[in-house]
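What follows is a short report on a single structure.
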Amino acid sequence: MRQITFPAHEQLLFGCGLTMVAGALDAYSYLEHGAVFAGLQTGNLILLGVSLGHFQLAVVGRYLASLLAFVVGTVIVRVLQHFSEKSRVSSQMVVLGYMLALLMVVLFLNNHLPSVLLAALLSLAAAAELQEFRQIKGAAFTPLMMTGNVRSISESLYDGVRYRNRDARAKALDTGALMLSFIGGALLVAAFTSLMAAYAVLLPAALVVALLVWLYRQNRRRRWKH
C-alpha cells in the first residue's frame, strides 16, 4: 500500500509544535496579563459574561480587547494569505514570521505597555495561528480549541476498539499527541513564569523559531527531491 506523503505543515510533528505554542500563549497571557486567554476566545466570552453578571465592569475591557484583537488578527492574516498567493511565497513561513515579530514586540515592550495591550498582541498571534493552520494529515485541525479534540479522541477510541478500525486507532493516537502537546506548552510556561515572570514569552517565541527552521528545511529538502 502506497504511503501518503503530506506537506510539511500538515505533518503530526509540526501540528504538535503548533498546539504547544497555542497552549503556551494561552497560559502565558492568562498568568501574566490579566487572566485573559490569547486564543481561547470561548473562555474570554465566559469570563466576560461572568464579569458582567458580577458587575465587575472594570475588567470587562480586557476581554473585549482580546476578542477585538482576535478578529483584527484574523483579517490581517487573510491579507497576508492573499499577498502570499500573488507572490508565490510560503504563507506558512510568512505567518510564522509575523507571529514571531508579535512575540518579540511583547518581549521588548513588556515593561512599557499595559497588560491589556500586551494581551491583545498575543491574541493577534493566536489568531494568526488559527487562521493559517487548519489541517493535519489532510484532516481538519485547530491548534487552539481542544473541545473538538476531546470529542474526536473519544469517538476514535470507541471505533478503534468496537470495530477494530485501525485508522480510528491511529487518529486517536494523533489526537492524543496534539492534546498532550497543548498541555505541555501550558505546563512549560507555568514552570517558566515562576522563574522568569513576564519574560516567559521567550518559550513560545523559541517554539515558533523552531517551527520556522523545521518548515524551511523540510520545504527545501522537498524541492531538492523534485
Fill in the blank from the handout: Between the CE atom in Met99 and the CG atom in Leu122, the distance rounded to the nearest 0.5 Å is 10.0 Å
Problem - Side chain proximity check, Pro143 to Leu130, heavy atoms < 4.5 angstrom - result: yes
Exercise for the section: May I ask you to test the Tyr199-Asn111 pair for a side-chain heavy-atom distance under 4.5 Å? Expected result: yes
Identify each donor-acceptor pair in which a side-chain atom of residues 9-17 lies under 3.5 Å from a protein atom, sequence neighbours left out, and give them as a table.
unit_1: Glu10; atom_1: OE1; unit_2: Gly138; atom_2: N; d: 3.0
unit_1: Gln11; atom_1: NE2; unit_2: Phe6; atom_2: O; d: 3.4

Handout entry: Polar side-chain atom of Ser66 near backbone of Phe37 as donor-acceptor pair, under 3.5 Å
Key = yes
Handout entry: Donor-acceptor contact below 3.5 Å, side chain Ser29 vs main chain Val36
Key = yes
Handout entry: Between Ser91 and Glu132, a side-chain donor and acceptor under 3.5 Å
Key = yes
Problem - Spacing of Thr42 atom OG1 and Ile46 atom CD1 [to the nearest 0.5 Å] - result: 6.5 Å
Exercise for the section: Look up atom CE in Met104 and atom CG in Leu102, then write down how far apart they are to the nearest 0.5 Å. Expected result: 10.5 Å
Exercise for the section: To the nearest 0.5 Å, tell me how far Leu188 CG sits from Leu203 CG. Expected result: 5.5 Å
Problem - Flag, side chain of Gln41 to backbone of Ala38, donor-acceptor distance under 3.5 Å - result: yes
Fill in the blank from the handout: Only residue of Leu187, Asp26, Val21, Leu18 satisfying side-chain contact (heavy atoms from CB on, under 4.5 Å) with Phe182 is Asp26
Practice task
Under the side chain to side chain contact (heavy atoms under 4.5 Å, CB included) rule, what do Leu52 and Leu48 come out as? Steps first, then yes or no, please.
Solution key: CA-CA 6 Å; Leu52 289 172; Leu48 174 62; 4.3 Å; yes
Problem - Thr19 side chain vs Leu178 backbone, donor-acceptor pair below 3.5 Å - result: yes
Practice task
Take Arg134 and Thr142 through the test side chain to side chain contact (heavy atoms under 4.5 Å, CB included) and record every step on the way to the result.
Solution key: CA-CA 6 Å; Arg134 301 188 188 185; Thr142 170; over 6 Å; no
Handout entry: Side chain proximity check, Leu40 to Tyr30, heavy atoms < 4.5 angstrom
Key = no
Handout entry: Close side-chain approach of Leu109 to Val105, heavy-atom, < 4.5 Å
Key = yes
Exercise for the section: With the side chain counted from C-beta on, respond yes when Asn110 and Val201 share a heavy-atom pair under 4.5 Å apart, and no when they do not. Expected result: no
Handout entry: CD on Gln92 to CD on Gln218, rounded to 0.5 Å
Key = 13.0 Å
Exercise for the section: State, yes or no, whether a side-chain contact exists between Ile76 and Tyr98 at a heavy-atom distance under 4.5 Å. Expected result: yes
Problem - Main-chain N/O of Glu85 paired with Arg88 side-chain donor or acceptor, under 3.5 Å - result: no
Completion exercise
Residues pairing under side-chain hydrogen bond (donor to acceptor under 3.5 Å, both in side chains) where one sits in residues 156-175, two or more places apart or in two chains, turn out to be Lys137-Asp174
Handout entry: Worked check of side chain to side chain contact (heavy atoms under 4.5 Å, CB included) between Glu129 and Val95
Key = CA-CA 7 Å; Glu129 186 175 356; Val95 170; over 6 Å; no
Handout entry: Working for side chain to side chain contact (heavy atoms under 4.5 Å, CB included), residues Tyr63 and Leu45
Key = CA-CA 7 Å; Tyr63 303 117; Leu45 286 170; over 6 Å; no
Practice task
Spell out, as yes or no, whether a donor-acceptor pair under 3.5 Å connects the side chain of Ser115 to the backbone of His33.
Solution key: no
Practice task
Determine yes or no for a side-chain-to-main-chain donor-acceptor pair under 3.5 angstrom, with Ser152 supplying the side chain and Gly148 the backbone.
Solution key: no
